[in-house]
Amino acid sequence: MPSQYNTTAEERINALRRELERHNRLYYVDNAPEISDFDFDAMMRELQQLEAQYPQYADPNSPTVRVGSDITNEFQSAEHRFPMLSLGNTYSIDELHEFIARVEKEVGQTSYVCELKFDGTAISLTYENGQLRRAVTRGDGTRGDDVTANVRTIRNVPLRLEGSDIPPLFEIRGEILMPYASFDRLNAEREAAGEPLFANPRNAAAGTLKQQSSAVVAKRGLACTLYQLAGDRLPAESHSANMQRAREWGFPVSEHMRICSSREEIDSYIAEWDQKRHALPFPTDGVVIKVDRYADQRALGFTSKAPKWAVAYKFKAEQALTRLLSIDFQVGRTGAVTPVANLEPVLLAGTTVKRATLHNAEQIALLDIRPGDEVYVEKGGEIIPKITGVELSRRPAGSKPFEYAAVCPECGTPLVRYEGEAKHYCPNQSGCRPQILGRIIHFIRRKAMNIDGLGEETVELLFESGLIKDASDLYDLQAQQLAVLPRLGDKSAENIIRSIESSLEVPFHRVLFALGIRFVGETTAKYLAAHFASLDAVMSASPEELTQAEEVGGKIAESIADYFADQNNIRIIERLRRAGVQFTAQERELRSQALAGLSFVISGKFSDHSRDELKELIEAHGGRNLAAVSANVDYLVAGENMGPAKLKKAEKLGVKIISETEFAAMITGAEPAGTPAPEQSDDKPQAAAQQAEQGSLF
Ligand code: IVH
């Protein structure tokens with residue numbers, strides 16, 4: 001009965017979509033989740049599987065689009081139905097009071113809405129018949145870039161609205177933000193890959209929104225908050241009432257909006273948020289004050305650039321004056337040199353600041369910063385404090401301009417500057433200690449070769465004692481050599497050797513990442529591995545051929561070519577090859593057919609395996625993983641703490657319920673044994689982690 005079955009699949013798809021939308025809303029808008037992240041993810045996976053199986057039911061607004069796609073987005077420009085204006089702004093309370101006086105002279109006593117000024121990048125969303133149709137950046141205010149595919153991946157943007165009085169066509173405007181947690185994680189990843197860091201969450205949000213691959217956007221943990229409704233038939237006659245309706249339809253609208261009916265109330269909102277904003281999980285840079293009633297807004301009108309009924313009061317970045325004691329130079333694993341200021345400790349925005357970044361030589365010269373100076377330190381949108389100026393009136397007599405390092409502070413090699421880059425580099429890759437150590441430490445990282453028996457300190461110890469000079473030496477180490485070193489004994493020596501041996505199983509894409517080629521992060525390594533399938537193919541590819549791989553541009557291709565042009569790198573690679581490190585991508589090979597034709601659901605916690613390991617075992621033995629219990633499931637592998645509802649459902653449907661041990665018995669002794677299946681990718685977007693991070697934001 002295929003047709004009947006198809007109807008069932010369609011119904012199930014629709015039911016899952018509705019349920020996922022409901023839970024998304026409960027989580028992001030109402031802050032009242034009803035199910036665990038785990039169950040949410042399981043539902044999402046079931047929907048993904050069904051959509052893959054039944055492409056005829058595809059829907060651009062399905063909740064599964066949150067994971068994004070790798071299809072390159074060419075941004076088309078799109079016209080705004082209503083121009084996107086900017087806002088007048090002020091840093092002065094007196095000027096704010098003048099704004100209020102001007103408003104009240106024109107329209108008389110009126111009320112205002114005070115809101116946070118979110119520090120991200122502006123977006124306009126168009127909804128037609130309750131569905132997200134288009135997302136456009138501000139652009140020049142008249143036209144912007146159509147970034148719909150990217151915005152669809154942002155978890156708190158509703159793809160479909162629920163509720164009454166939804167206008168058939170309207171725009172809603174707001175800000176795309178990068179919460180601090182996402183920003184920190186992104187920059188840590190970029191640092192590990194030797195990629196340039198984003199200066200602040202605002203730049204990171206704007207840069208991410210213009211990414212060509214929406215799968216990349218999906219992983220970066222952006223969030224959205226909405227603060228203006230535009231359309232012809234809006235349900236209410238005031239900004240606050242319409243925003244309340246928008247919240248009811250499922251939009252993330254800030255809870256921190258407040259209606260104020262006097263100058264004093266506005267002043268106290270500002271004073272309150274100037275303090276409280278430091279505890280928010282995303283950046284803000286002021287307060288926006290808007291006249292609430294549309295009739296008053298219309299009476300006040302616009303200038304050519306901005307509405308006369310709104311103004312932004314901007315917070316001053318917190319500043320402190322302190323003495324610059326000295327400037328150090330740090331050398332990273334890619335050889336990049338970063339100047340760091342050592343400061344006389346000073347209290348700034350709740351923390352004691354002792355060090356600040358100076359970015360590069362140009363910035364030091366531009367501000368004419370000299371050790372001994374009293375300098376202004378600021379914490380603006382940036383997380384790391386920076387020096388923004390010098391108090392020249394307090395400059396000590398006889399001070400001289402600072403001379404930037406000409407040679408590497410670690411190895412004495414003359415520094416170089418590459419075209420188009422502001423940073424200096426130490427080119428002595430094979431002889432400069434922090435670069436060598438940095439590369440070995442990168443090599444052993446969990447996301448690279450995962451040599452977890454070793455830590456940074458042990459790597460340093462091995463390096464100092466002459467046992468390793470580069471990562472390939474790790475594979476020649478003997479337990480006896482390690483056991484005699486300080487702080488290591490027989491047991492940890494054996495652990496280290498064992499984890500080095502297991503790293504031979506690490507799949508090729510992670511080996512490629514572990515090599516530490518500049519700009520080749522985890523994701524790029526995966527794309528390269530998928531495209532070229534072996535290290536030899538990557539090595540012999542021309543820069544043009546390299547750019548055929550997804551996400552590889554000219555700069556990355558050049559860096560890869562440079563890496564393989566270095567004879568020292570070639571020597572390390574040949575030694576790694578001899579040691580047996582994976583230099584080719586493995587097809588997922590079957591270990592046996594013991595579970596062929598059988599479908600499994602894994603649920604709960606297990607003692608011998610992780611859930612991912614169990615899933616891999618199922619696939620490696622020819623079985624199929626399903627996300628939810630249904631009549632199609634043969635076995636439910638039940639661990640500890642699994643939900644009673646699932647258990648009951650399995651019993652009702654006659655699904656066999658087995659333990660981890662019973663499952664293991666099904667595959668032990670299964671023939672023939674093959675190579676192990678590769679590890680599951682660890683940088684898939686994890687809905688649970690993202691949700692945890694983005695939940696209850698506004
Ligand atoms: S209302 C016509 N409300 O600040 C008025 N803007 O500096 C439209 N912004 O372009 C803007 N938080 O990108 C408004 N609560 C808020 C805001 C906000 C941040 C941004 C927005 C605007 C810029 C002006």
Side-chain angles (χ1 to χ4, degrees), residues 80-91 95-96 99 103 112-125 135-145 147 151 170-179 200-206 209-210 222-231 234 238-240 242-244 246-247 251-260 266 269-270 272-274 276-277 280-294 296-317 380-381 697-698:
H80 295 296
R81 222 163 276 122
F82 312 91
M84 274 180 95
L85 298 173
S86 73
L87 274 179
N89 68 52
T90 175
Y91 288 91
E95 279 181 23
L96 173 66
F99 162 82
V103 165
Y112 303 85
V113 178
C114 290
E115 342 182 321
L116 297 174
K117 185 171 184 322
F118 302 97
D119 198 9
T121 183
I123 195 78
S124 176
L125 310 176
V136 182
T137 62
R138 165 137 117 208
D140 62 6
T142 312
R143 305 184 70 83
D145 277 343
V147 289
V151 169
F170 69 94
E171 282 186 41
I172 187 161
R173 290 172 177 176
E175 206 84 353
I176 305 281
L177 297 169
M178 186 169 283
N200 54 48
R202 177 183 5 94
N203 290 1
L209 203 58
K210 296 285 183 79
L222 291 176
C224 179
T225 182
L226 296 157
Y227 47 64
Q228 195 191 10
L229 215 52
L234 301 181
S238 72
H239 171 60
S240 58
N242 274 330
M243 293 322 290
Q244 177 54 34
R247 194 181 284 127
F251 286 112
V253 173
S254 172
E255 289 168 2
H256 308 308
M257 281 185 172
R258 187 182 301 163
I259 299 178
C260 294
I266 295 174
Y269 181 90
I270 291 175
E272 183 182 328
W273 280 102
D274 199 0
K276 289 212 284 202
R277 72 194 181 105
L280 291 170
F282 50 81
T284 52
D285 59 346
V287 163
V288 180
I289 300 102
K290 301 173 180 170
V291 170
D292 193 20
R293 280 176 35 211
Y294 287 160
D296 291 343
Q297 289 190 3
R298 280 190 295 271
L300 287 155
F302 296 87
T303 68
S304 61
K305 275 203 331 226
K308 290 191 196 163
W309 43 262
V311 72
Y313 173 85
K314 297 205 20 173
F315 297 128
K316 285 176 213 70
L697 262 185
F698 304 103

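Order of appearance sets the numbers: ligands from 1, and atoms from 1 within every ligand.
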message: Contact between Val103 and Tyr112 at the side-chain level, heavy atoms closer than 4.5 Å - yes or no?
response: yes
query: Side-chain contact, heavy-atom cut-off 4.5 Å: Lys210 with Asp145?
result: yes
- prompt: Name the residues in contact with ligand 1, where contact means a heavy atom under 4.0 Å away: which are they?
  reply: Leu87, Glu115, Leu116, Lys117, Phe118, Ala122, Arg138, Glu175, Tyr227, Gln228, Val288, Lys290, Pro307
query: Could Asp140 and Arg143 be called an ion pair, given the rule that one side-chain N must be under 4.0 Å from one carboxylate O?
result: no
message: The criterion is side-chain contact (heavy atoms from CB on, under 4.5 Å); which residues satisfy it with Asp292, sequence neighbours excluded?
response: Ser111, Val113, Ser238, His239, Ser240, Ile259
message: One thing to verify: whether Arg173 and Glu171 come together as a salt bridge, which I'm taking to mean a side-chain N less than 4.0 angstrom from a carboxylate O.
response: yes
- request: For the pair Arg138 and Glu175, find out whether any cationic side-chain nitrogen is under 4.0 Å from an anionic carboxylate oxygen.
  value: no
